[in-house]
Amino acid sequence: MFEALQANSGNGHLVPPVALAGKPTGGRESNGMNIRIVEHPLARHLVTRLRDKATAPAEFRTLTNHLTVILALEATRDLPVIRQQIETPLETMEGDTLPEGPVVIPILRAGLGMLSAIVDLFPAVSVGYIGLARDHTTAVASSYYLKLPPVAEKPVLIVDPMLATGGSATQAIDAVKEAGGTDIRLVCVVAAPEGVAAVNERHPDVPIIGAALDRELNDQKYILPGLGDFGDRLYGTL
Ligand code: PRP
Ligand code: URA
């Protein structure tokens with residue numbers, strides 16, 4: 001994954017698709033990381049634009065919206081559908097529609113940047129909010145807000161663009177499980193191996209869907225190469 005990212009950035013040469021053959025294409029990653037990385041050229045482009053420090057907040061928000069559509073489609077590809085008979089203008093046929101849902105829960109504040117794309121895609125969605133903020137010195141997240149709709153027997157998408165230590169995500173999953181959630185999917189943009197391992201260990205039943213699996217965390221628990229502080233870049237609070 002990381003080699004492929006490097007091949008696609010920097011000196012501007014065209015990377016033919018064949019050069020990417022053999023890279024992870026989704027599903028269970030090697031080296032024990034259970035994360036599904038969306039493999040689409042547009043997703044790669046969007047993540048690269050998000051990573052670029054020259055990308056200003058307005059474009060950053062648009063890129064986040066577009067990437068979230070791709071991630072949400074991947075995260076919901078196994079949703080059940082209701083088969084029903086409908087009338088087209090020409091004849092009767094059987095078609096599939098979605099039941100009510102899913103529930104989408106952004107982790108504040110950066111997760112808010114991913115919310116509107118999902119609400120637009122799934123009109124019968126219900127929305128919860130989990131407020132968690134990492135302490136700047138310890139990087140330990142503490143909770144400051146929790147408002148959840150009914151989650152039992154519904155697919156729940158927890159959305160947070162950055163999975164670093166995994167502290168925020170594991171706390172959020174704990175809260176949704178305490179509220180009765182059993183079908184939980186974690187949707188992120190960039191993940192660190194440390195965060196994936198933490199979620200996999202505490203919540204092996206929760207699939208993680210992301211756009212990039214990065215190398216490591218630095219001493220301040222920021223993801224490398226990463227994209228910096230997502231919330232600050234999204235809301236211009238640098
Ligand atoms: C960021 C990010 C995640 C968290 C990830 O939020 O949006 O929620 O850090 O780090 P972790 O995996 O180590 O917990 P932050 O706490 O900076 O708050 P913000 O979204 O309000 O900026
Ligand atoms: N939160 C962010 O916004 N970025 C990181 O790299 C880690 C946590």
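In listed order, ligands and their atoms are each counted from 1. Remember, it's a predicted structure, so these values are computed and weren't measured experimentally.
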Test item: Ile107 and Met114 side chains (from C-beta on) under 4.5 Å apart, heavy atoms
no

Salt-bridge test for Asp205 and Lys177: reply yes if a basic N is under 4.0 Å from a carboxylate O, no otherwise.
yes

Tell me which one of Arg109, Met162, Lys221 gets a heavy atom nearest to atom 1 (N) of ligand 2.
Met162

Identify, for atom 18 (O) of ligand 1, the protein heavy atom at the shortest distance, and state residue, atom and that distance.
Leu132 O, 4.0 Å

Is there at least one pair of N or O atoms, one from Ile223 and one from ligand 2, spaced under 3.5 Å apart?
yes

With no hydrogens and no angle check, just 3.5 Å: does a side-chain donor-acceptor pair link Glu87 and Thr92?
yes

Structural part of Ala164 in contact with ligand 1, heavy atom criterion under 4.0 angstrom:
both

With a distance cut-off below 6.0 Å to the six-membered ring centre and an angular limit of 45° from the axis, does Arg134 pair with Tyr222 as a cation-pi contact?
yes

Under the side-chain contact (heavy atoms from CB on, under 4.5 Å) test against Tyr129, which residue among Leu112, Leu148, Ile105 passes?
Leu112

Run the numbers for me: atoms of ligand 2, each under 4.0 Å from some heavy atom of Phe230, listed by number.
2 (C), 3 (O)

Nearest to atom 21 (O) of ligand 1, what protein heavy atom do you find, and at what distance?
Arg109 NE, 3.1 Å

In the protein, which heavy atom is nearest to atom 5 (C) of ligand 2, and how far is it?
Tyr222 CD2, 3.3 Å

Atoms in ligand 1 flagged as close to Ala133, the criterion being non-hydrogen separation under 4.0 Å:
16 (O)

From the list Arg185, Arg36, His40, side chain to side chain donor-acceptor pair (under 3.5 Å) with Glu74 holds only for Arg36

Give me the residue, atom name and distance of the protein heavy atom closest to atom 5 (C) of ligand 1.
Met162 O, 3.3 Å

Atom 4 (N) of ligand 2: of Gly228, Ala164, Gly226, the nearest heavy atom sits on Gly228

With rounding to the nearest 0.5 Å, note down the distance linking CD1 in Ile209 to CG in Leu157.
8.0 Å

May I ask whether Pro161 has any heavy atom positioned less than 4.0 angstrom from an atom of ligand 2?
no

Nearest-neighbour protein heavy atom for atom 17 (O) of ligand 1, which is reported as residue plus atom name and distance:
Asp229 OD2, 4.1 Å

If you round to the nearest 0.5 Å, how far is CE of Met162 from OG of Ser168?
11.5 Å

Whether Asp160 and Arg109 form a salt bridge (side-chain N of Lys/Arg under 4.0 Å from carboxylate O of Asp/Glu) is what I want to check.
no

Could you pull out, from Ser142, Gly113, Gly166, the option with a heavy atom nearest to atom 12 (O) of ligand 1?
Gly166

side-chain contact (heavy atoms from CB on, under 4.5 Å) with Arg49: of Asp52, Leu46, Val47, only one passes, and it is Asp52

Looking just at side-chain N and O atoms, do Gln84 and Thr97 make a donor-acceptor pair shorter than 3.5 Å?
yes

What protein heavy atom lies closest to atom 3 (C) of ligand 1? Include the residue and the distance to one decimal.
Asp160 OD2, 3.0 Å

What atoms in ligand 2 come closer than 4.0 Å to a heavy atom of Arg134?
7 (C), 8 (C)

May I ask you to list the atoms of ligand 1 that are less than 4.0 angstrom from any heavy atom of Ala110?
7 (O), 20 (O)

Walk me through whether Lys221 and Glu194 qualify under salt bridge (Lys or Arg N to Asp or Glu O under 4.0 Å).
CA-CA 10 Å; Lys221 309 295 183 197; Glu194 293 88 334; over 6 Å; no

Atom 9 (O) of ligand 1 [closest protein heavy-atom partner, distance rounded to 0.1 Å]:
Arg134 CD, 3.7 Å

So for ligand 2, is Gly231 a polar contact partner (N or O within less than 3.5 Å, distance only)?
no

Which residue and non-hydrogen atom of the protein lie closest to atom 4 (C) of ligand 1, and at what distance in Å?
Ser168 OG, 3.5 Å

One finds that the ligand 1 atoms under 4.0 Å from a non-hydrogen atom of Thr165 are 11 (P), 12 (O), 13 (O), 14 (O)

